[in-house]
There are 2 protein chains.
Amino acid sequence: MDIFKYVEIDGQSRIPKYRQIVDSIIHNISVGKLNIDQKIPSINSFSEEYLLSRDTVEKAYSILKERQIITSIRGKGYYITRTKLLSKVNILFMINKLSTYKMRIYNSFVNSIGGNSHTDLHIYHCDNSLFLNLLEKNRNAYDYYIIMPHFKTEDLKHISYTDEVVTAINKIAKDKLVIMDNNKLAIEKAFIEIYQDFENDIYNALQHGLQKIKKYEKLFLVYPENSVYPYPRRILHGFRKFCLEFSLDFEILEEIYDDIILKKGDLFITIEESDLVNLVNQIREKEFSLGGDIGVISYNDTPLKELLGITCISTDFKMMGETAARMILDKTKGKVKNPFNFIDRESL
Amino acid sequence: MDIFKYVEIDGQSRIPKYRQIVDSIIHNISVGKLNIDQKIPSINSFSEEYLLSRDTVEKAYSILKERQIITSIRGKGYYITRTKLLSKVNILFMINKLSTYKMRIYNSFVNSIGGNSHTDLHIYHCDNSLFLNLLEKNRNAYDYYIIMPHFKTEDLKHISYTDEVVTAINKIAKDKLVIMDNNKLAIEKAFIEIYQDFENDIYNALQHGLQKIKKYEKLFLVYPENSVYPYPRRILHGFRKFCLEFSLDFEILEEIYDDIILKKGDLFITIEESDLVNLVNQIREKEFSLGGDIGVISYNDTPLKELLGITCISTDFKMMGETAARMILDKTKGKVKNPFNFIDRESL
DNA sequence: TACGATTACAGTACAGTACAGGATACAAAC
DNA sequence: GTTTGTATCCTGTACTGTACTGTAATCGTA
């Protein structure tokens with residue numbers, strides 16, 4: 001084959017030969033001499049042509065294969081799979097579902113990380129096996145792995161399935177791993193960790209609003225229990241802890257039904273936007289005063305909630321993405337708790 | 001025999017030939033070109049027609065036989081036995097950016113398509129070359145390609161870059177292609193097309209609100225010109241056409257500045273949510289009445305906009321995803337315009 | 001200096017792909 | 001019955017990647 005005339009192996013160099021092979025193939029891809037799906041010489045023919053050990057060529061090819069630049073088909077050969085994303089920083093961003101808030105984190109991250117990086121987004125739908133597949137398939141292919149771990153159960157210690165998840169995550173090189181949002185997995189040592197402390201966050205935020213909350217007789221947390229995508233149960237725990245600590249009457253609801261009976265003195269904390277919409281509509285319908293007769297606190301702030309005057313307890317999603325980007329760019333490591341605030345408005 | 005014209009064997013491909021035969025036949029069954037009890041070519045005639053070794057064809061047939069998709073009768077031939085194949089359908093969903101609305105389309109699509117499919121999401125950031133690479137890399141890897149084509153320029157005819165995009169899209173098998181949202185590319189024949197007719201949609205929707213719009217003296221369209229992710233310019237054209245047709249005074253703004261001077265009788269149409277928030281805040285600040293002194297129409301509806309009583313002109317994102325899913329499941333093909341509505345509320 | 005890790009080489013073995021050819025058993029048409 | 005075409009099974013050959021083995025030279029560091 002004459003395809004590889006332009007590969008130069010320097011016997012004198014201090015750079016290992018297998019690295020030279022890797023680099024020259026990457027170079028040939030970047031200058032367009034090698035294109036996607038193109039076959040590259042077999043290990044045998046390459047080693048014969050350049051008087052190299054088969055082992056050396058194999059090593060180079062296996063590195064390129066790990067980085068997903070080439071793939072191998074047993075009995076056929078090696079083929080180019082990627083022609084882009086070289087010399088850039090490649091980031092894999094894995095989230096459980098696509099919500100408004102995850103989207104805002106992702107977008108603020110992509111904006112902050114800048115043009116010298118490429119970020120792929122993958123959604124694993126809270127599915128353990130899908131997550132494991134994704135991770136296995138992309139092992140070593142990226143420079144950073146940003147993972148938001150949210151799975152069907154939070155009680156991670158007793159489920160073997162999630163054990164697999166934890167071991168899979170732990171197999172990622174520590175300096176490539178960024179854990180976001182959830183810190184309750186037994187991840188040994190992540191490079192970067194930006195988390196919400198769900199239990200204490202809601203507890204502390206509600207405490208900030210205690211004076212106003214005390215005006216109400218009973219607290220309702222609308223927590224979607226049977227949702228396909230579960231919310232952290234620690235939100236529940238933090239809410240309960242707060243209510244018990246300050247001797248407040250409380251109840252957990254699964255959703256705001258259409259025929260819900262509202263009473264003066266009720267205070268609702270909603271998580272899903274649909275529940276908030278339903279609730280406010282019913283308050284208006286029954287001519288209660290929002291923030292007077294009935295209080296509403298919404299989880300996760302948005303600009304439109306501000307316009308509506310809805311009191312919120314919320315983490316700062318934009319900052320979450322920005323912090324992750326900044327820490328990667330600055331190569332700082334460590335654990336950072338993302339700020340969580342009580343945002344006082346008219347609905348309380 | 002000419003029965004098997006539709007089998008494609010690529011000698012260069014990294015997929016083994018026998019696998020290509022298997023996939024080809026399964027694909028032809030799933031699209032209905034091969035029916036139950038139908039005879040398929042003998043090993044000999046198949047191998048001669050496609051210049052393959054008999055062994056290769058035999059291997060493919062024996063795999064299909066093992067999977068009970070075909071049966072063999074000694075001395076006669078091979079026959080299809082099963083047309084219901086419950087293999088998972090893989091779908092590639094390509095969008096230009098991750099906005100609230102794209103997200104809603106995606107989520108409603110994934111919900112509607114059901115558990116027997118797997119949908120991967122890829123974001124190409126309006127970047128032509130990134131788009132081309134994604135497509136090239138995933139060529140033949142999916143059963144359906146759902147593409148929302150939005151690129152840096154809409155004037156697609158004069159830019160060679162986007163010519164490449166069009167040819168790349170046209171290379172996708174017609175029965176695997178779903179074009180969404182944008183119908184102004186010269187795509188020859190897509191399997192499914194669900195589009196917004198941006199220019200006529202805004203024109204018609206505004207016409208529905210003409211009586212109320214006439215109360216205002218001047219119309220402002222807040223159209224982010226220099227955004228990283230451009231909005232279709234046909235929105236502009238439709239707006240202009242409407243204003244000219246009905247002799248309304250109008251102006252195009254790039255954004256709502258903090259020091260904007262509001263006048264009684266102004267009517268604003270905002271596209272970005274941030275502009276809507278800014279605008280409403282300023283209206284409140286300057287103690288104008290929303291819907292009285294100053295009118296507001298927002299592009300793209302959301303539940304919270306309903307709560308706020310913001311009049312909207314909007315397409316139905318949920319339906320867009322659902323329609324795509326339904327058409328794929330039902331194997332119907334054709335062009336469908338997604339509904340676009342004028343939603344009358346208090347802000348006008 | 002000594003040790004361990006990396007690099008590079010050589011050899012062996014195994015498994016998958018694709019081709020070519022041959023032998024046999026069955027079915028249908030002549 | 002013969003001929004033709006069919007599936008089925010067998011052999012062999014020449015590639016391919018994958019996975020080990022052992023050996024020697026080199027380099028950095030303790």
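Below, chains carry the letters A, B, ... as their sequence lines are ordered, and counting in each starts from 1.
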Note to self: As a test of reading the structure: which of C/dT7, D/dA7, C/dT17 is closest to the side chain of A/Pro16, going by heavy atoms?
What the structure shows: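 Within the option list, the nearest is C/dT7.
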
Notebook entry, point to check: Any idea which of D/dT6, D/dT8, C/dT17 is nearest the B/Ile43 side chain?
Noted result: D/dT8

Rounded to whole angstrom units, what separation is found between the [atom1] atom of [X] and the [atom2] atom of [N]?
{"X": "B/Ile70", "N": "D/dA7", "atom1": "CD1", "atom2": "P", "value": "9 Å"}
{"X": "A/Phe46", "N": "D/dT16", "atom1": "CZ", "atom2": "C1'", "value": "16 Å"}
{"X": "A/Glu58", "N": "C/dG11", "atom1": "CD", "atom2": "C1'", "value": "15 Å"}
{"X": "B/Tyr78", "N": "D/dG5", "atom1": "OH", "atom2": "P", "value": "18 Å"}
{"X": "A/Arg19", "N": "C/dA8", "atom1": "CZ", "atom2": "P", "value": "11 Å"}
{"X": "A/Glu48", "N": "C/dC9", "atom1": "CD", "atom2": "P", "value": "14 Å"}

Item checked: Partner of B/His27 by side-chain contact (heavy atoms from CB on, under 4.5 Å), out of B/Asp143, B/Asp175, B/Val22 -> B/Asp175

Next item on the list: Please tell me if the side chains of A/Tyr79 and A/Lys39 come closer than 4.5 Å, counting only heavy atoms from C-beta onward.
Entry: yes

Next item on the list: For residues B/Val110 and B/Phe93, determine if any side-chain heavy atom of one lies less than 4.5 Å from a side-chain heavy atom of the other.
Entry: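 When only atoms from C-beta onward are counted, B/Phe93 and B/Val110 do not touch, as no gap falls below 4.5 Å.
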
Next item on the list: Identify, with sequence neighbours excluded, every residue that meets ring pair (Phe, Tyr, Trp, His ring centres under 6.0 Å) alongside B/His118.
Entry: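 Not a single residue meets the ring pair (Phe, Tyr, Trp, His ring centres under 6.0 Å) criterion with B/His118.
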
Next item on the list: List in chain and number order the residues that pass side-chain contact (heavy atoms from CB on, under 4.5 Å) with A/Asp127, two or more places apart in sequence or in another chain; answer none if no residue qualifies.
Entry: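 Expected list: A/Ser129, A/Leu130.
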
Item checked: A/His122 and B/His122 aromatic centres sub-6.0 Å -> yes

Is the phosphate of [N], meaning OP1 or OP2, less than 4.0 Å from a side-chain N or O of [X]?
{"X": "B/Tyr61", "N": "D/dA7", "result": "no"}
{"X": "B/Tyr79", "N": "D/dA7", "result": "no"}
{"X": "A/Tyr18", "N": "C/dT7", "result": "yes"}
{"X": "A/Lys65", "N": "D/dT18", "result": "yes"}
{"X": "A/Ser72", "N": "D/dT16", "result": "no"}
{"X": "B/Lys59", "N": "C/dT17", "result": "yes"}
{"X": "B/Lys17", "N": "C/dC19", "result": "yes"}
{"X": "A/Ser42", "N": "D/dT16", "result": "yes"}
{"X": "A/Thr56", "N": "C/dC9", "result": "yes"}
{"X": "A/Asn44", "N": "D/dT16", "result": "yes"}

Next item on the list: Could you grab the distance from atom CD1 of A/Ile91 to atom CD1 of A/Ile113, nearest 0.5 Å is fine?
Entry: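 Reported to 0.5 Å precision, the distance equals 4.0 Å.
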
Margin query: Could you report the tightest heavy-atom contact between A/Met180 and A/Ile105, atom names first, then the distance?
Written below: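 Scanning both residues completely, I find the closest heavy atoms to be SD-CG2, 3.8 Å.
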
Checklist line | Heavy-atom protein contacts under 4.0 Å, nucleotides 20-30 of chain C, coded B base, S sugar-phosphate only, - none | finding: --B--SBSS--

